[in-house]
Amino acid sequence: MARERTYREESSWPETASVDGGNPTPARDYRDEVEASDEQLTESLNSLAQMFAPCDIVNRGAQ
Amino acid sequence: MTELDCRRPIRIPGNSCCLGDAIYSGVELELVPIGVHGMARHRSAVSLLGQVRSLLPSRPSHPEAELDIFSPPARFYLEMGEFVEVAGVTCKSPEAVPWLQEAAFSVLRRTSVTANGRPVVLCHTPTDYSDYSSGGEGPAHSAGSHANLLCRRSFDSDEFAMLASVLYPLNTVFGPGGITWSNRTPRFTCDPRADHVTRLVAGRAHGDSPKPFILRRDEPLAESPFERIQIVAFGGPRSPVSSWLRAELLTWALRAVHHRDKPPFYVLEPLKTLRAAPDARVRIKRRRLHAVTKTQLAIETVCWLADSARKHAADASAVRRVERIRELGCTAAEASAAPLGESPVFPTDISIKRFLFDRIAQGHGFTNLAELCRAWSAKPADGNAKSTMDAVVVNDIFFSSCDANHSSYEHAARAGVFLRPEFAHAIDIHNLARLPEGVCRRAQIRAAMLAAGDIEYCNWNSLITTDGVSTTLPNPWSCLS
């Protein structure tokens, strides 16, 4: 027969819980983040549209 | 007006926030295998789940449930025989909710199935082809994104109405955005699912059944007097910022109702408000009737919720969290209604999609999406208007794809359309058992035991260890009573 035990959730918040209030994040030059050109974006969006069609998207039965 | 600052990455904190009574929450997200139908869709979903099982520490819920997998960040399972559903583990603090979704996506991104020579791609699809082809008059088949909230007590109908009343305008803050059709007139909307919602409360939302705003779940996951409800009126946003705002604002709203805080206004036309565009006027009642834009109402609601939440803040850092969410929520609402400018845009689903859809329309010779919508409405079968709208619809659906190579969200990020938000608690695909602090303790315990290989079977409320010990993991509220 299986032994049993019950785990209990903490009854209160730990006093040491620290909270991040959202300290300001330093600004970055967003251009450093860019990996693809404007043209490549257009190409990627077109490529998705060529690979799939709206009739591929059917959710019958979904919640 | 808040000045939009899109050049600072938004940092999603890793620490939990103490706002008095914890509101336990989580999100279930339904993902549809796109590009396959019928048995092929079933086989694809089964294959994807099999790959998930081998990619991370996981165990099934019982010996005969191989497609019902519990892992540290989420339960992955087969839904309706053909969808992959991801249910994030329970959180005691909302900033953990977007982390769990991103962690689950990082796993699904490593799966792959092909059919008929092309990839099968998992997407969350707030709208579908029957909507498009019928001009909004077809059956309501939006994929679900259910926000689970554990209530300390049952609500009466007035309290459910109050909860919903606070939330009606907020899809302009955190909605997934998208294209919707009514009377064969396409338009950009805060959330296509809003057109499918027709009642306040119900017990089911499958198939053709009318979609409610709130689902009441009568089940052992929350034994009486506790109750688990699901807010099902909203589609699932892809952006972690939108997802974070949704989780915070929903828990603030629930806490306000728990404490019987009443907003100083009442929404007179719920469904019209839910479905309204950001700049549409909606009617509210204060001492007398007022007409305001949905954006104004959303900002007023965010500020009122923040005032309500602040009363429960345990310390100064919790007050700072409330202020941060107030600022982000108001900025997101303003960004949803702002005239489109240059990139980068505010990193919410609505802002990014508006930018992308205008870009697609312009690439096909239209001034913007609005002109494309007018042209399609006048001549739906017209070659250029039809093919352009097809491209918009496909990119709308693939925005929320798990597959980075087939996701318009990911394409936009790489091209600098927006600056990716950062998680303070980094996501490490090789160590997903190290969960953020905001995940509730029973899920932390389960994660550690899964990683150690100590579990034979598990579900939300219990587990059986490899040495035959049965352990109960009751829902958090019942432990606090």
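A note on names: the letters A, B, ... follow the listed sequences, proteins ahead of strands, and every chain is numbered from 1. Below, each value reflects all heavy atoms present in this structure, side chains not excepted, and no hydrogens, waters or symmetry copies.
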Is [X] in contact with chain A via its backbone, its side chain, both, or neither, using a 4.5 Å heavy-atom distance?
X	value
B:P119	both
B:T127	backbone
B:V36	neither
B:I34	both

Heavy-atom pair count under 4.5 Å with chain B, highest-scoring of A:S47, A:A36, A:A53: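 When all of A:S47, A:A36, A:A53 are compared, A:A36 has the most.
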
Going by heavy atoms in the side chains, are A:L41 and B:L356 under 4.5 Å from each other?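 A:L41 reaches B:L356 side chain to side chain.
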
Closest approach of [X] and [Y], non-hydrogen atoms and distance?
X	Y	answer
A:P54	B:V393	CB-CG1, 4.1 Å
B:N395	A:L48	OD1-CD1, 3.5 Å
A:V34	B:G416	CG2-CA, 3.6 Å

Salt bridge (charged side-chain N to carboxylate O under 4.0 Å, His left out) partners for B:E323, two or more places apart: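 Applying salt bridge (charged side-chain N to carboxylate O under 4.0 Å, His left out) to B:E323 gives B:R310, B:R326.
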
Can you list the residues that meet the salt bridge (charged side-chain N to carboxylate O under 4.0 Å, His left out) rule with A:D56, with sequence neighbours excluded?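 Partners of A:D56 under the salt bridge (charged side-chain N to carboxylate O under 4.0 Å, His left out) test: B:R118.
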
Gap between atom [atom2] of [Y] and atom [atom1] of [X] - 0.5 Å precision:
X	Y	atom1	atom2	answer
B:C123	A:F52	SG	CZ	7.5 Å
B:R414	A:S37	CZ	OG	12.5 Å
A:L45	B:R359	CG	CZ	8.0 Å

As a quick check of understanding, evaluate side chain to side chain contact (heavy atoms under 4.5 Å, CB included) for B:Y132 and A:I57, giving each step before the final call. CA-CA 10 Å; B:Y132 179 37; A:I57 304 152; over 6 Å; no

Partner chain A: residue of B:E95, B:H364, B:R41, B:E82 with the largest heavy-atom pair count (under 4.5 Å):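 Looking at each of B:E95, B:H364, B:R41, B:E82 in turn, B:R41 comes out on top.
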
